[in-house]
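These notes concern the structure reproduced below.
Just follow the structure's listing: the first ligand is 1, and inside any ligand the first atom is 1. Small disclaimer: the values here were computed from a predicted structure and weren't measured.
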Amino acid sequence: MIIMTYSDSQIMKTYNPMPLDFDYLSHEEMLYRSQQFLERMIKRRTVRNYSTAAIPEMVIANAIETAGSAPSGANMQPWHFVVVKDDKIRTQIRQSAEKEECEFYSHRASQEWLDALAPLGTNTDKPFLESASFLIAIFSKKFSYTTDGIRLKNYYTSESVGIACGLLISALHYAGVATLTHTPSPMRFLNRILNRPKEERPYLLLVAGLPSPDATVPNISRYELSEIMTSL
Ligand SMILES: Cc1cc2nc3c(=O)[nH]c(=O)nc-3n(C[C@H](O)[C@H](O)[C@H](O)COP(=O)(O)O)c2cc1C
């Protein structure tokens, strides 16, 4: 494929406004909805023990479509989501992730990092990569291509993909699906196993499924609102 850059191209984008579709709510409704949402979202926890119970793939697809509605720098939508349910691929991912995690826990991580992780009870063993219903690998894209092969630079890639992942996790939680934000480091093995181009950077490996009935979570705290919010 011949790659043309933006400066070689004849792309001309123009402002094309349309009416906004927006739901104006009463203050009562705003307060009610914000409280309801808070009460739901505050129950989200990172789950590390999964059952093998199935969940509908459409739930995952809807959540990814929600993620794809995220704002992004210059609307470049610099993300790609790979949904993995195939057992053989999951085994390969687990083996590669555990290899990286062994390196991480034995050499790469500083003592300070290991100390920060201690309350979470994490270790090199990652059974959830095979037991949870789905893995969703999220890739961030530094460049996008038009159908004519013209390469376009993406802007604020990391911020945009982070926001999309926040929506994805929220949508799954809202639909009753537990998640684990997994970041084996480095994650380049995901390009090889999932056959993604090398210019896509693995951003997160999201584990999604139902918690096992005996699942436990670390007893950790969150900051109070007054500690994270300043009102001027
Ligand atoms: C960017 C990011 C990377 C994370 N990586 C891992 C990981 O590799 N393994 C893991 O068990 N948890 C991982 N977590 C989950 C955090 O440990 C967890 O969100 C945190 O302890 C707070 O717990 P909670 O999500 O239950 O509120 C990650 C979270 C984020 C946001």
Starting from Val47, can I reach Ile93 by hopping between I/L/V/M/F/W/Y residues whose side chains sit under 4.5 Å apart? yes
Rest of the hydrophobic cluster containing Leu117 (Ile/Leu/Val/Met/Phe/Trp/Tyr, side-chain heavy atoms under 4.5 Å)? Phe104, Tyr105, Trp113, Leu114, Leu120, Ile220
Grouping ILVMFWY residues whenever side-chain heavy atoms fall under 4.5 Å, the cluster of Phe143 otherwise contains none
Without placing hydrogens or testing angles, list every side-chain donor-acceptor pair under 3.5 Å for residues 200-218, not counting sequence neighbours.
unit_1: Glu200; atom_1: OE1; unit_2: Arg196; atom_2: NE; d: 2.9
unit_1: Glu200; atom_1: OE1; unit_2: Arg196; atom_2: NH2; d: 3.4
unit_1: Glu200; atom_1: OE2; unit_2: Arg196; atom_2: NH2; d: 2.9
unit_1: Tyr203; atom_1: OH; unit_2: Ser158; atom_2: O; d: 3.2
unit_1: Tyr203; atom_1: OH; unit_2: Gly162; atom_2: N; d: 3.3
unit_1: Ser212; atom_1: OG; unit_2: Asp214; atom_2: OD1; d: 2.8

Once the angle between the rings of Phe128 and Tyr50 is folded into 0 to 90°, is it parallel (under 30°), tilted (30 to 60°) or perpendicular (over 60°)? perpendicular
Note down each nitrogen or oxygen pair, ligand 1 side and protein side, whose separation is under 3.5 Å; give only atom names and the distance to 0.1 Å.
unit_1: ligand 1; atom_1: 5 (N); unit_2: Thr181; atom_2: O; d: 3.1
unit_1: ligand 1; atom_1: 5 (N); unit_2: Thr183; atom_2: OG1; d: 2.7
unit_1: ligand 1; atom_1: 8 (O); unit_2: His182; atom_2: ND1; d: 3.1
unit_1: ligand 1; atom_1: 8 (O); unit_2: Thr183; atom_2: N; d: 2.9
unit_1: ligand 1; atom_1: 8 (O); unit_2: Thr183; atom_2: OG1; d: 3.2
unit_1: ligand 1; atom_1: 11 (O); unit_2: Arg48; atom_2: NE; d: 2.6
unit_1: ligand 1; atom_1: 11 (O); unit_2: Arg48; atom_2: NH2; d: 3.3
unit_1: ligand 1; atom_1: 12 (N); unit_2: Arg48; atom_2: NH2; d: 3.1
unit_1: ligand 1; atom_1: 14 (N); unit_2: Thr181; atom_2: O; d: 3.1
unit_1: ligand 1; atom_1: 17 (O); unit_2: Arg48; atom_2: NH2; d: 3.2
unit_1: ligand 1; atom_1: 19 (O); unit_2: Thr46; atom_2: OG1; d: 3.2
unit_1: ligand 1; atom_1: 25 (O); unit_2: Arg44; atom_2: NH1; d: 2.9
unit_1: ligand 1; atom_1: 25 (O); unit_2: Arg44; atom_2: NH2; d: 3.2
unit_1: ligand 1; atom_1: 25 (O); unit_2: Thr46; atom_2: N; d: 3.4
unit_1: ligand 1; atom_1: 25 (O); unit_2: Thr46; atom_2: OG1; d: 2.5
unit_1: ligand 1; atom_1: 26 (O); unit_2: Arg45; atom_2: NE; d: 2.6
unit_1: ligand 1; atom_1: 26 (O); unit_2: Arg45; atom_2: NH2; d: 3.3
unit_1: ligand 1; atom_1: 26 (O); unit_2: Thr46; atom_2: N; d: 2.8
unit_1: ligand 1; atom_1: 27 (O); unit_2: Arg44; atom_2: NH2; d: 3.2
unit_1: ligand 1; atom_1: 27 (O); unit_2: Arg222; atom_2: NH2; d: 2.9

Measure from the side-chain N and O atoms of Glu227 to the backbone N and O of Glu224, and report whether any donor-acceptor pair falls under 3.5 Å. yes
